[in-house]
Amino acid sequence: MSSNDTTMTRTTASVFNFSSLIKRDRFAGLIVILLIIAALQVASLFAPDYIAPPPLLIAEKLWTQILPLWDEILVTLIRLLVALVFAMVVGTVLGVVMGMLPGLRPYIRSLVVIDTGIPALSWMLIAVFWFKEPEIRIFFIMSVILIPFYALNVFDGIRALPKEWLEMCESFRPSRWQVLRYLILPHIVAYVFTTTRSVIGYATRMVIFAELIASAVGIGAQMGLAQANFDIAAVFAWTLLLVVLNILSQSLVAVLEKRVLSYRPEVEVR
Amino acid sequence: MNMHADFSPVETQEPAILIDQVNKQFGAVTAIENLSFHVNRGEIVSFLGRTGAGKSTALNLIMGNMSPTSGRVRVMGMDPNKDFRKLRRTISVGFQTDRLLPWRTAIENVELGLQILHYHKAEIREKAREWLARVNLADAADLYPHELSGGMRQRVSLARALAIDPEILLLDECFSQLDHVTSQTLRSDVSAVIREYRKTCLFITHRIDDAIEMADRILVLGAPARLLLEVSPTPEDRTDRDKFQLLHDKIADALGVDS
Ligand SMILES: Nc1ncnc2c1ncn2[C@@H]1O[C@H](COP(=O)(O)OP(=O)(O)OP(=O)(O)O)[C@@H](O)[C@H]1O
Ligand SMILES: [Mg+2]
């Protein structure tokens, strides 16, 4: 995965109250969207439709041609969800093992670091060679790409665990499992959420990419089809849909995060 | 009361805590130098010493977090470091800072030790409630640590230490972050509980007054930790102003503090 593809926030989960920021951002976002639509409209006046389709045509495509393909959209979303949950579980386990078993740490760490150095495209091509079944290809690609993010962030979370808390917990003479259950797992929940929030956009792009290469169903495959048919308006419409889906999924994670981590104090930043 | 299968009551004739010719080095730093003392069962002993004297280090040795460079540390006749798990439920610690877990409410924080000791669910809740009420925090049970004041947090942390009903209570300056009035009320509450249940208690403090008021015996430590003076305040020392002052000055002299 190329490192400039997504900027990972590996700091402690932020405890800021974003709501005031979000309000300001929404307004700015609206203006930017209007400007993009205007620019597209202007461009469509000068360029042929197969280069810059007018916004209205894109909207029509979206409504008549793309939304009826809801089953393809659903397939992509399910693939994304399954891979994300799997990577979350495996990555968290690896991170916890790295944090709690110092003997295994260097080995897992090397493995994870090597993995992060392998470009997503290599994994996609390898997956096509290795597996016949498209679902397995996509699942494999997504997993190897996403697991390191969770593993490294969870490991960092455990390293950031205050020593005082551990000492306090150990003063009751717990077993290793009890330390894991009562101290480490609740502590890393915040890190898992932060990772999900920062990785979900990247994961969406990767699943589309993987579908384009490895599958005949799903949004990525449909976009490939549109491209093959020189249907640029459909490509634009799919893109629009993806942007919307991305924003929705990110807000969903943010809402979940807020609920689960409701114990944290809200800090107003002026 | 003893619901727990892997706990067997510790029955020995030895003192609750025994420190025998203990040395502790951290690299080139000597934290404890040839320290010997003991704490009998049911006794309240206070540790007085200047900052950096090695008080917390001694406490860590008794907790079993580390082992001494040389010498012998025994808690109920056992090595707290090697027999770490055998001393479950025997020792409990009140720390210098409250160390509450932010994702647990006040009552859930009190429950931590009980959960680790595998108490039954209903009993965990009941005991936690009881102890929160005893530190006057019954109404704050469902508040998160960030919603509590510093004094309330410290009281929750004391309730957490006391809730497992330990035989030995180690307190490391756990009143020193509170204002004078709160600290005094809490101190008398805690000493009442300790005396009522005949607990063994070793508490660290840098306030001479606290030590005289609470302790059966006071150990004054120099730096690195070694015994400078050992006194047992009498009831008159606490009530008689002149005697109190006299004892205070004696301790202050030993500590090398101007009074
Ligand atoms: N884990 C450690 N590693 C290295 N040095 C340590 C460690 N713990 C304590 N020391 C050193 O041992 C000495 C005694 O420290 P300790 O914390 O026991 O003092 P203290 O009497 O509790 O002081 P205070 O009243 O300020 O809490 C200090 O010089 C300290 O730097
Ligand atoms: Mg200390």
Side-chain angles (χ1 to χ4, degrees), chain A residues 11-18 92 96 99-100 102 153-154 156-196 256-269, chain B residues 4 6-7 56 59-60 62-66 75 78 80-81 83-106 108-119 142-148 157 160-161 163-164 166 168-172 174:
Chain A
T11 45
T12 1
S14 47
V15 288
F16 296 43
N17 175 14
F18 282 114
T92 301
V96 168
M100 287 186 81
N153 280 336
V154 165
D156 279 355
I158 293 176
R159 276 200 303 190
L161 182 81
K163 193 169 164 272
E164 286 84 44
W165 292 357
L166 186 63
E167 256 178 25
M168 180 280 292
C169 200
E170 294 205 317
S171 74
F172 294 111
R173 297 170 190 259
S175 65
R176 250 175 193 286
W177 284 112
Q178 288 177 319
V179 174
L180 183 68
R181 179 172 164 201
Y182 295 130
L183 188 63
I184 291 176
L185 288 183
H187 170 69
I188 59 177
V189 170
Y191 291 83
V192 172
F193 267 112
T194 317
T195 309
T196 306
L256 273 178
E257 183 177 12
K258 216 173 162 168
R259 289 203 129 196
V260 175
L261 303 181
S262 62
Y263 63 81
R264 297 199 294 196
E266 298 229 329
V267 182
E268 286 282 0
V269 183
Chain B
H4 194 41
D6 71 8
F7 167 73
S56 296
L59 205 96
N60 276 320
I62 296 165
M63 270 169 68
N65 280 350
M66 42 176 82
V75 174
M78 284 183 275
N81 187 252
D83 303 325
F84 192 80
R85 295 263 291 170
K86 282 193 197 150
L87 283 166
R88 286 189 122 196
R89 203 172 173 281
T90 311
I91 308 179
S92 199
V93 187
F95 294 94
Q96 206 155 349
T97 49
D98 56 72
R99 305 189 182 190
L100 299 183
L101 300 177
W103 55 82
R104 285 177 171 240
T105 60
E108 287 165 354
N109 266 291
V110 177
E111 287 170 350
L112 180 70
L114 299 165
Q115 287 174 328
I116 289 175
L117 295 174
H118 296 294
Y119 277 77
D142 297 321
L143 297 182
Y144 283 99
H146 77 267
E147 299 168 308
L148 304 172
S157 113
R160 177 180 60 196
I164 66 162
I168 301 172
L169 195 61
L170 306 173
L171 303 177
D172 189 354
C174 62

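Numbered from 1 within each chain, the chains take letters A, B, ... in sequence-line order. Side chains included, hydrogens not; waters and symmetry mates left out as well; all remaining heavy atoms used. Note that the coordinates shown come from a computational prediction; the quantities given were computed from them, not determined experimentally.
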With a 4.5 angstrom heavy-atom cut-off, which part of [X] approaches chain A: side chain, backbone, both or neither?
X	answer
B:Phe84	both
B:Leu170	neither
B:Ile164	side chain
B:Gln115	both

Could you label the plane-to-plane angle of the A:Trp165 and B:Trp103 rings as parallel, tilted or perpendicular, counting under 30° as parallel and over 60° as perpendicular? perpendicular
Sub-3.5 Å donor-acceptor pair from the side chain of A:Asn153 to the main-chain atoms of A:Tyr191, do we have one? no
Under the 3.5 angstrom rule, does the side chain of B:Ser92 hit a backbone N or O of B:Ala161 as a donor-acceptor pair? yes
Report the option among B:Gly64, B:Pro102, B:Pro166 that has the most heavy-atom pairs separated by less than 4.5 Å from atoms of chain A. B:Pro102
With chain A, the option among B:Arg99, B:Arg160, B:Glu147 that has the most non-hydrogen atom pairs under 4.5 Å is B:Arg99
When you compare the side chain of [Y] with that of [X], does any pair of heavy atoms fall below 4.5 Å?
X	Y	result
B:Val93	B:Leu59	yes
A:Glu164	B:Phe95	no
B:Ile116	A:Cys169	yes

In terms of heavy-atom proximity below 4.5 Å to chain B, should A:Gln178 be classed as side chain, backbone, both, or neither? side chain
Residue among A:Arg173, A:His187, A:Glu167 with most heavy-atom pairs under 4.5 Å to chain B: A:Arg173
